[in-house]
Amino acid sequence: MLGGRLFFRCSPNPPAICNRTSYNADGGTRETNAGDSRMGQLSNGIEQSSTVHRGPLKGVDMAKDDKTTKVKGIKGKGDKGQSDKEQSCADSKLFEPFQLRGLTMRNRIWLPPMDTYSVYAQDGKPTPFHYQHYVSRAIGGFGMVIVESTAVSPEGRISPCDVGLWNDDQIQAWRWIVEGAKATGARIGVQLNHAGRKGNTGSFSLGYIHENVPQDKGGWQTVAPSPIPYAKLDAPRELSVDEIHGIVAQFRDAAARAVAAGFDMVEIHAAHGYLLSEFLDPLTNEREDEYGGSLENRMRLVVEVVDAVRQVIPDYMPLVVRVSATDWAAGGWDLIQTVELSRVLKEHGVDLIDVSTGSIIPHVNVPVKDGWQVPFAAAIRKEAEIPVSAVGLITKPKQAEKIVRKGKADVVEIGRAALRDPYWPLRAAYKLGVPADQAPYADQYRRGAYC
């Protein structure tokens, strides 16, 4: 123990297993609608209305039936890699170090941001629970731990019990968690978010599930690009242009605080129906000014946020953007627009696209199954030529290994499986034949290694 904090002794450099080469538990259900033919029409020669893109997407064949829209036949880079039978037990691609800019992660297994709604004081400061939650997953062997949705303003929270980085007092509250995670050999990032029309909602810790929280219980008026409510939530207030500029500044300032707190990476949340994705989607953005209408205009806020954040974080620090690749609704946000957005973000200094889907439009359905979002990640990686993470019912070590080895994604995110098993990477190493002395054990735990 040092100053009341627990530090773990680990080797300063992770052991290299292979040659080194240079990822919704946020309250959304991902139950989203099947029959969006605009999302499904990605083969050659299909007309795309009101969508800016650079030609047809190669290697993507979309098929639909009367119940679901399915993504099939997507081949990413590296498809000609070794088969499962040819793979050497110790030659795990999943446990190969991964580099973005100046940051090297010990493996390609990431913990995605998952909101815990556990700031009972409602002051945005993480608590000892958050230390235990994140540091235990770092001890468990994750290469990158991304902390939950972190609000850039009090009004940007999903719930009154969310964490934040909207004031300087919150920096120190994060610092001990960051230091604890790094001491295990893991890297740690932060997801910055503004919840928009999906803010001010209840949680297990507060009540008001799927409802707005009354103002006398800590609630507030939500905002959005247009005054369109989400499901049964209250209608948001439409943002003015000056207010939009102010939100860009909030993201910038929160990113600067993340650097001061010692985070290794910043992720911008532009998915799951929160504010930035509300601007992207034509079904939630009916503005007629420079922030609405065309795809270029709808992307404007995300690009401005990226530029502002990139200016205040070090050049060696990776910048990631999380997207919903489709809203699964007819006439809405789709994969082709996501590819175009990814190309633009790459030009503006984004290093990886964290690929999810849905949770933008309520009361729609998706074909949920194991790895169901991986084809979207593969398409974005291929067409935008940018590193991606894959997420969504990736639960088994061999499944994760195959995704990375076949070039469908550069990293995989283990979400809900990591809630029930903080040591998922250590178990995966054993299942994949990685020797215990090369697996990401903290020294204090090595004698308990799987064997």
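Numbers for residues simply follow the sequence, beginning at 1.
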Item checked: Non-hydrogen side-chain atoms of L393 and K369 separated by less than 4.5 Å -> no
Note to self: Please report the interatomic distance CD1(I177) to OH(Y134), rounded to the nearest 0.5 Å.
What the structure shows: 8.0 Å
Notebook entry, point to check: So, for G415 and P112, which heavy atoms are closest and what is the spacing to 0.1 Å?
Noted result: CA-CG, 3.6 Å
Notebook entry, point to check: Is there a side-chain contact between S324 and Y274 (heavy atoms, below 4.5 Å)?
Noted result: no
Check: When rounded to the nearest 0.5 angstrom, what is the spacing between CD in E278 and OH in Y230?
Finding: 10.5 Å
Next item on the list: Measure across M265 and V320 and return the closest heavy-atom pair with its distance rounded to 0.1 Å.
Entry: SD-CG2, 3.6 Å
Next item on the list: Look at the side chain of D410 and the backbone N and O of V388, then say whether any donor-acceptor pair between them is shorter than 3.5 Å.
Entry: yes
Margin query: Between Q250 and D253, do the side chains contain a donor N or O and an acceptor N or O under 3.5 Å apart?
Written below: no
Next item on the list: Can you see which heavy atom on A138 is nearest to which on A186, and at what distance?
Entry: CB-CB, 3.8 Å
Checklist line | Nearest-0.5 Å distance that lies between atom CG in L335 and atom OG1 in T357 | finding: 10.5 Å
Item checked: K182 bridged to E179 by N-O distance under 4.0 Å -> no
Checklist line | Check: M299 and Q337 side chains under 4.5 Å, non-hydrogen atoms | finding: no
Next item on the list: Report the distance from atom CD1 of I403 to atom CZ of R108, rounding to the nearest 0.5 Å.
Entry: 13.0 Å
Note to self: Quick one, L341 and R298 - any side-chain contact, counting heavy atoms below 4.5 Å?
What the structure shows: no
Notebook entry, point to check: Which distance, rounded to the nearest 0.5 Å, do you find between the OH of Y423 and the CG of D421?
Noted result: 9.5 Å
Item checked: Donor-acceptor pair, side chain of W110 and main chain of A390, under 3.5 angstrom -> no
Item checked: Presence of salt bridge, R310 and D351, under 4.0 angstrom -> yes
Margin query: Do Y117 and E148 pair up side chain to side chain, a donor and an acceptor below 3.5 Å, judged on atom types alone?
Written below: no
Next item on the list: Would you confirm whether D264, through its side chain, and G189, through its main-chain N or O, come within 3.5 Å as a donor-acceptor pair?
Entry: no
Next item on the list: Taking R137 for its side chain and W424 for its backbone only, find out whether a donor-acceptor pair lies under 3.5 Å.
Entry: no
Next item on the list: Indicate yes or no: at least one non-hydrogen side-chain atom of I158 is less than 4.5 angstrom from one of N193.
Entry: yes
Check: Is the backbone of T104 close enough, under 3.5 Å, to the side chain of R187 for a donor and an acceptor to pair up by distance?
Finding: yes
Next item on the list: Report yes or no: do S118 and H130 form a side-chain donor-acceptor pair below 3.5 Å?
Entry: no
Check: Is a salt bridge present between K398 and E401, judged by a nitrogen-to-oxygen distance below 4.0 Å?
Finding: no
Check: So, do W328 and I361 sit near enough that their side-chain heavy atoms are less than 4.5 Å apart?
Finding: no
Item checked: Heavy-atom pair of closest approach, residues F95 and P440 -> CE2-CD, 3.8 Å
Check: Are any of the side-chain heavy atoms of K402 and K408 separated by less than 4.5 Å?
Finding: no
Note to self: Checking the side chain of R106 only, and the main-chain atoms of F142 only, is there a donor and an acceptor separated by less than 3.5 Å?
What the structure shows: yes
Next item on the list: Assign the ring pair Y131 / W176 to parallel, tilted or perpendicular, where the plane angle (0 to 90°) is split at 30° and 60°.
Entry: parallel
Item checked: Spacing of M144 atom CE and I109 atom CD1 [to the nearest 0.5 Å] -> 13.5 Å
Item checked: Centroid-centroid distance, W333 to F376, less than 6.0 Å -> no
Notebook entry, point to check: Does the R446 side chain pair with the main chain of Y441, one donor and one acceptor, at a distance under 3.5 Å?
Noted result: yes
Margin query: Using modelled atom types and a 3.5 Å cut-off, is there a donor and acceptor pairing between side-chain atoms of Q170 and backbone atoms of N167?
Written below: yes
Check: If we only count heavy atoms from C-beta on, is the Y430 to L426 side-chain gap below 4.5 Å?
Finding: no
Next item on the list: Of all the heavy-atom pairs spanning H272 and S356, show the shortest one and how long it is.
Entry: NE2-OG, 2.7 Å
Item checked: Any donor-acceptor pair under 3.5 Å from R381 side chain to G407 backbone -> yes
Margin query: Minimum heavy-atom separation for A231 and P362, please, with both atom names.
Written below: N-CG, 3.8 Å
Check: Can you tell me if Q99 uses its side chain to pair, donor with acceptor, with the backbone of R101 under 3.5 Å?
Finding: yes
